[in-house]
Amino acid sequence: MGAVDRALPGSEGCRGGITRQKDALVQFTKLRLNGFKSFVDPTEMVIAEGLTGVVGPNGCGKSNLLEALRWVMGENRPSAMRGGGMEDVIFAGTSRRPARNYAEVVLSMDNSDRLAPAGFNDSDHLEIARRITRDAGSAYKVNQKDVRARDVQMLFADASTGAHSPALVRQGQISELINAKPQARRRILEEAAGISGLYQRRHEAELKLKGAEANLLRVDDVIEQLAQQLQQLARQARQAARYRELSEQLRRSEGVLLYRRWREAADAQVAARAQLAERVRGAAEAERLARAAEAARGKAEEALPPLREESAIAEAVLQRLVLQREALDDEERRVAATIETLAARIAQLDRDIEREHALSRDAGDTIARLEDEAARLEAENEGHEARLAGAAAAAHEAAQVLQEREAGYTRLTEDAARLAARHQSAQRMVEDEKKTVERGEAEAARADQTAEAAKAAEAGAAAAFGAAEAALATAT
């Protein structure tokens with residue numbers, strides 16, 4: 001067996017560790033770590049024969065090796081691992097290295113002498129592995145086979161070692177041994193003597209014995225329950241015997257009843273057969289009548305398609321005429337609206353013409369008055385030279401007024417001509433609209449006549465269809 005001991009302080013600022021070998025059932029050969037505390041990369045430590053020492057300054061990880069050895073041998077106390085929880089043994093990461101998700105420690109043992117316990121004595125080498133994953137817990141394997149933590153602890157207990165072996169000396173353990181109570185010292189001596197496995201097995205045997213005693217007490221309770229069940233079964237057996245007697249009587253009564261029902265069923269069968277023969281004859285007659293009706297129905301159906309076709313044609317013609325009538329109604333409404341608009345425009349043109357005639361009459365009266373005034377001025381001009389100049393001036397002014405009135409009259413004449421042309425155009429439009437209305441009314445009259453003819457045809461088709469259905473119903 002190999003163990004890792006923390007050596008006493010050597011030089012100032014440096015601590016060392018040694019590995020001590022002594023005779024035992026099995027020999028430790030190698031310790032492999034991966035992701036355990038500061039050993040983030042896979043690390044392997046060979047434990048050779050003799051002394052194997054690990055020397056280094058404080059904080060280099062010497063204690064982590066001892067804790068890894070305790071941990072793989074089944075240590076389940078986080079305080080023994082210097083942590084608040086068992087997952088603290090997983091590498092937590094640094095500023096340059098990410099955290100790991102699991103930690104694994106593998107301890108190799110030499111078993112060439114086949115001195116290991118029977119359950120693990122099939123190979124020359126034993127590899128005990130413990131792997132912990134975040135949020136998943138720990139798992140143990142021995143030679144790649146899953147085992148329980150209890151199996152691993154018993155393996156090391158039978159080898160007189162384990163996670164609490166006195167051969168594994170941690171920091172401060174010497175002072176704990178000195179100040180330990182007698183019971184703790186006794187436990188240490190028992191482990192040193194190699195009988196801790198026997199005590200653990202005795203503890204398990206005591207637990208099994210207590211379980212057997214509890215089972216015996218349970219057996220007594222079961223016996224009492226079985227006695228009560230036996231009484232109930234005896235009562236149920238008597239009830240079953242009574243049930244068999246009543247069942248036998250019931251079967252005999254049911255047999256008599258079934259025979260009577262069979263006789264009644266046989267008589268009913270004879271009557272049913274006679275009734276069936278009569279019903280068969282009636283069915284044959286009904287079938288003959290049905291065939292005759294089917295033949296009549298076939299003839300009626302042969303005459304029915306032309307009538308249906310005529311009815312469909314009449315419905316199509318009626319639909320088309322209805323659509324044409326609706327279109328003509330729309331056209332009539334549009335023409336009526338146009339006529340009203342044109343009538344309003346004609347009335348406006350009549351008013352404009354009357355106003356232009358009034359303006360023309362005013363202009364004629366003004367011209368006549370001016371002509372009379374010019375004649376009077378000419379009469380007065382005779383013999384009055386002084387008045388001639390005034391008359392000339394007045395004539396000049398009158399000529400200007402006349403020129404202006406003639407220009408206004410010209411404009412009024414042009415306006416009157418334009419209005420007359422517009423009036424003539426409006427009259428032509430009115431006449432065209434009247435002709436359109438007359439054509440629409442004629443087409444509407446023709447559509448009404450066609451609709452009446454279609455309704456008459458539809459009535460005839462409906463009458464023919466009714467007659468065909470009546471003939472079909474009569475045939476059926």
Side-chain angles (χ1 to χ4, degrees), residues 145-146 148 150 204-316 318-319 455 457-476:
K145 294 181 180 179
D146 293 332
R148 302 176 301 170
R150 185 66 177 172
E204 290 185 354
E206 290 175 353
L207 293 177
K208 291 180 180 179
L209 182 61
K210 290 180 181 179
E213 291 176 353
N215 291 334
L216 288 175
L217 295 175
R218 180 60 181 164
V219 166
D220 293 336
D221 296 337
V222 171
I223 290 173
E224 292 179 1
Q225 294 178 359
L226 290 177
Q228 296 176 359
Q229 293 178 2
L230 182 62
Q231 295 177 359
Q232 295 178 358
L233 290 174
R235 184 169 57 255
Q236 293 175 1
R238 291 192 297 271
Q239 294 177 355
R242 178 61 178 166
Y243 173 77
R244 285 196 297 271
E245 294 177 0
L246 295 176
S247 298
E248 185 65 25
Q249 295 177 4
L250 182 62
R251 281 196 298 273
R252 287 196 296 270
S253 300
E254 288 178 349
V256 173
L257 179 61
L258 290 175
Y259 176 75
R260 183 176 178 180
R261 289 181 178 177
W262 176 77
R263 292 299 307 169
E264 292 176 353
D267 296 340
Q269 183 181 10
V270 173
R273 286 180 178 175
Q275 188 176 5
L276 176 63
E278 184 178 356
R279 295 291 176 84
V280 168
R281 289 192 296 273
E285 182 65 19
E287 185 177 359
R288 183 183 62 78
L289 295 175
R291 284 197 295 271
E294 186 67 24
R297 181 180 179 181
K299 294 179 180 179
E301 287 181 351
E302 290 177 356
L304 188 60
L307 298 176
R308 289 180 177 175
E309 185 176 359
E310 292 178 0
S311 176
I313 293 171
E315 289 179 357
L318 178 60
Q319 182 67 21
K455 288 182 180 179
E458 183 181 5
F465 185 72
E469 287 184 349
L472 180 61
T474 304
T476 304

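Just so you know, residue 1 is the first one in the sequence shown, and it goes up from there.
Taking CZ of Arg273 as the reference point, atom CG of Leu276 lies at 9.5 Å (rounded to 0.5 Å). For the atom pair Gln231 CD and Gln236 CD, the distance stands at 12.0 Å (nearest 0.5 Å). Remark: Leu257 CG to Leu250 CG distance equals 10.0 Å, nearest 0.5 Å. Leu217 CG to Glu213 CD: the interatomic distance, rounded to the nearest 0.5 Å, is 7.5 Å. To the nearest 0.5 Å, the span separating CZ on Arg263 from CG on Leu258 amounts to 14.5 Å. For the atom pair CG (Leu289) and CD (Glu294), the distance works out to 13.0 Å, reported to the nearest 0.5 Å.
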(request) Just do the salt bridge (charged side-chain N to carboxylate O under 4.0 Å, His left out) check on Glu248 and Arg244 with the steps written out, would you? (result) CA-CA 6 Å; Glu248 185 65 25; Arg244 285 196 297 271; over 6 Å; no
(request) Evaluate the criterion side-chain contact (heavy atoms from CB on, under 4.5 Å) for residue pair Gln229 and Leu226; output intermediate values, then yes/no. (result) CA-CA 5 Å; Gln229 293 178 2; Leu226 290 177; 3.5 Å; yes
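With sequence neighbours left out, Arg242 forms a salt bridge (charged side-chain N to carboxylate O under 4.0 Å, His left out) with Glu245. Scanning for side chain to side chain donor-acceptor pair (under 3.5 Å) contacts around Glu287 gives Arg291, with sequence neighbours left out.
Looking at Arg260 and Glu264, a side-chain N of the basic residue comes within less than 4.0 Å of a carboxylate O on the acidic one, giving a salt bridge.
Using a 4.5 Å heavy-atom cutoff, the side chains of Arg218 and Val222 are in contact.
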